[in-house]
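Since the model is a prediction, treat every value here as computed from it, not as a measurement. The residues of the chain are indexed from 1 along the displayed sequence. Whatever order the structure lists ligands and atoms in, that order sets their numbers, starting from 1.
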Amino acid sequence: MKAAVRQVYGPPEVIKLEEVTTPAPGDDEILIRVAAASINLGDWELLTGRPLFISILAHLFTRSQRYEFAPTSVTAGKGGFFAPKAKILGTDLAGRVEAVGNDVTRFRVGDEVFGMADAFGAFAEYVCVSGKAPIVHKPASMSFEQAAALPQATHIALQGIRDKAQVQPGQSVLVNGAGGGAGTLAVQLAKLYGAEVTGVDGPTKLDMLQSIGADHVIDYTQQDFNRNGKRYDVILDMAAYRSVFESRRSLTSSGIYLMGGGSGTATWQSALLGPVISKLGNGRVAFLLAESRPEDLLDLGELFEAGKVAPVIDRSYPLRDAGEALRRVGEGQGIGKVMIIP
Ligand SMILES: NC(=O)c1ccc[n+]([C@@H]2O[C@H](COP(=O)([O-])OP(=O)(O)OC[C@H]3O[C@@H](n4cnc5c(N)ncnc54)[C@H](OP(=O)(O)O)[C@@H]3O)[C@@H](O)[C@H]2O)c1
């Protein structure tokens with residue numbers, strides 16, 4: 001099969017289109033022919049190895065991939081502790097089940113599915129996922145592209161807006177990084193639950209944010225939402241590049257600040273200090289660590305079929321241009337999800 005392969009952390013140029021062996025599913029595995037994959041900012045972070053703590057976590061917790069690369073491959077002779085485990089990146093995908101292991105009963109060959117590859121590898125013609133991976137049947141009215149645009153963003157947005165923040169009608173919700181994959185879904189969900197929603201992102205994304213329902217938009221290059229004198233019941237921060245303590249001042253007294261993505265400092269502040277500072281003064285602070293849950297994908301599928309939520313798709317690239325597609329995400333040019341079509 002063809003796959004977008006890299007051997008080291010680095011810029012998009014380290015990715016090459018290569019021929020590698022198609023993995024054969026073990027007893028508890030599913031082989032999926034990828035029809036569409038989408039890029040998350042996390043793929044860019046794992047490509048470049050920045051922030052460092054993301055790469056370290058991924059290295060510790062990622063299952064090893066088992067591909068055979070040609071002797072001429074960019075991976076030849078590369079390995080060791082400091083080499084990335086995920087030679088083929090990509091988690092979010094949609095496609096058709098090509099083969100199933102003996103112990104798999106949830107799926108049959110030919111089923112149309114979407115979800116997340118649990119050892120990466122979605123930027124390829126085929127990917128093997130474990131039976132425990134968050135993969136579900138694709139709703140019939142959802143295209144493969146739409147389905148592949150959803151998985152990781154779904155977990156973050158549903159678990160942030162619905163489960164942790166439990167957004168109620170009439171509440172004021174601010175989504176920072178609202179124009180990204182998770183942010184665009186979070187804006188739509190907060191509107192669905194009856195909130196007044198403010199979306200914060202760069203100038204090129206503000207029209208799109210209004211088109212998906214944001215009541216107010218803030219261009220972060222022009223205005224700091226922490227200094228506009230407003231207070232919010234819920235802040236979902238997908239681009240926390242400032243101190244969590246600063247953002248907390250924008251909460252109402254019973255509000256909640258959820259840190260979903262951003263700098264290492266903001267991550268540690270919210271994860272380690274959040275429980276302590278939540279007991280002192282204004283509002284609560286928490287780190288949102290989204291779990292991969294198949295039931296979330298089913299819930300979002302239902303909302304999609306009811307016409308209540310839809311992914312925002314930027315553009316699609318062929319597999320051979322995976323590096324360019326990743327660059328578009330890393331440099332923040334995409335308006336909505338950037339797709340790879342093998
Ligand atoms: N919490 C979890 O469980 C979890 C799980 C997976 C991933 N993540 C993390 O979640 C984060 C977001 O993921 P995503 O896929 O939604 O990313 P994304 O699609 O790239 O969206 C991020 C958005 O934030 C905007 N942005 C950048 N700097 C900003 C700033 N200073 N203020 C406001 N907005 C800003 C970006 O726009 P421009 O760059 O164009 O300005 C972009 O639209 C990533 O850091 C990822 O690692 C979290």
Side-chain angles (χ1 to χ4, degrees), residues 38-55 57-58 61-62 89-92 116 120 134 148-161 163-165 174-188 198-209 212 214 217-227 235-243 246-247 250 257-267 270-271 274 286-293 296 311-314 325-339:
S38 80
I39 301 175
N40 292 302
L41 191 58
D43 293 309
W44 172 259
E45 292 167 344
L46 284 185
L47 170 67
T48 58
R50 295 285 179 275
L52 186 60
F53 77 95
I54 296 273
S55 309
L57 288 179
F61 296 110
T62 302
L89 288 165
T91 56
D92 287 13
M116 295 175 79
F120 298 88
L150 286 170
Q152 187 187 92
T154 293
H155 294 124
I156 298 173
L158 268 183
Q159 290 171 37
I161 295 294
D163 301 346
K164 284 252 181 187
L174 180 138
V175 181
N176 191 36
T184 48
L185 283 187
V187 166
Q188 295 176 69
T198 302
V200 185
D201 213 298
T204 58
K205 303 190 180 160
L206 304 183
D207 287 347
M208 178 270 286
L209 285 175
I212 59 170
V217 290
I218 295 176
D219 174 355
Y220 76 83
T221 65
Q222 300 297 320
Q223 194 193 118
D224 182 347
F225 74 84
N226 284 316
R227 291 190 166 73
I235 298 176
L236 176 62
D237 202 345
M238 299 311 304
Y241 297 114
R242 60 166 68 75
S243 162
E246 210 182 308
S247 301
S250 297
Y257 171 89
L258 292 172
M259 192 284 179
S263 70
T265 307
T267 304
S270 56
F287 176 59
L288 174 69
L289 181 60
E291 293 169 47
S292 300
R293 301 193 303 213
D296 285 349
V312 178
I313 293 179
D314 176 62
L326 276 147
R327 191 194 309 281
R328 188 163 174 82
V329 173
E331 293 181 353
Q333 295 161 0
I335 299 178
K337 296 288 291 189
V338 176
M339 314 297 302

With sequence neighbours excluded, residues passing salt bridge (charged side-chain N to carboxylate O under 4.0 Å, His left out) with R327: E13, E324
D201 side chain near L209 side chain, heavy-atom distance below 4.5 Å: yes
State the atoms of ligand 1, each with its element, that fall below the 4.0 Å cut-off from a heavy-atom position in G260. 1 (N), 2 (C), 4 (C), 8 (N), 9 (C), 10 (O), 48 (C)
Any atoms of ligand 1 less than 4.0 Å from a non-hydrogen atom of L288? List them with their elements. 1 (N), 2 (C), 3 (O)
Just jot down the ligand 1 atoms closer than 4.0 angstrom to any heavy atom of G332, in number order. 39 (O), 40 (O)
Counting each atom of ligand 1 from 1 as listed, which ones have a heavy atom of G177 under 4.0 Å away? 23 (C), 24 (O), 25 (C), 33 (C), 34 (N)
Going by the atom numbers of ligand 1, which of them fall below 4.0 Å from some non-hydrogen atom of A239? 24 (O), 26 (N), 29 (C), 30 (C), 33 (C), 34 (N), 35 (C)
Contact check, V329 vs ligand 1, heavy-atom distance below 4.0 Å: no
Quick one: does Y220 get an N or O within less than 3.5 Å of an N or O on ligand 1? yes
Sequence neighbours excluded, which residues qualify as salt bridge (charged side-chain N to carboxylate O under 4.0 Å, His left out) partners of D296? R162, R293
Test log, rule side-chain contact (heavy atoms from CB on, under 4.5 Å), inputs R328 and I39: CA-CA 10 Å; R328 188 163 174 82; I39 301 175; over 6 Å; no
Residue, atom name and distance, where the atom is the protein heavy atom closest to atom 46 (C) of ligand 1: E45 OE1, 4.0 Å
By number and element, which atoms of ligand 1 are closer than 4.0 Å to a non-hydrogen atom of M238? 10 (O), 11 (C), 12 (C)
Numbered atoms and elements of ligand 1 in range of A182, under 4.0 angstrom, heavy atoms: 16 (O)
With a 4.5 Å cut-off on side-chain heavy atoms, are R242 and N176 touching? yes
Could you tell me if the side chain of K337 sits less than 4.5 Å from the side chain of N40, heavy atoms only? yes
Per-atom contacts, ligand 1 versus K205 - under 4.0 Å to a heavy atom: 36 (C), 37 (O), 38 (P), 40 (O), 42 (C), 43 (O)
Show, in sequence, the C-alpha distance, side-chain angles and deciding distance for D92 and L150, and conclude whether the side-chain contact (heavy atoms from CB on, under 4.5 Å) test is met. CA-CA 7 Å; D92 287 13; L150 286 170; over 6 Å; no
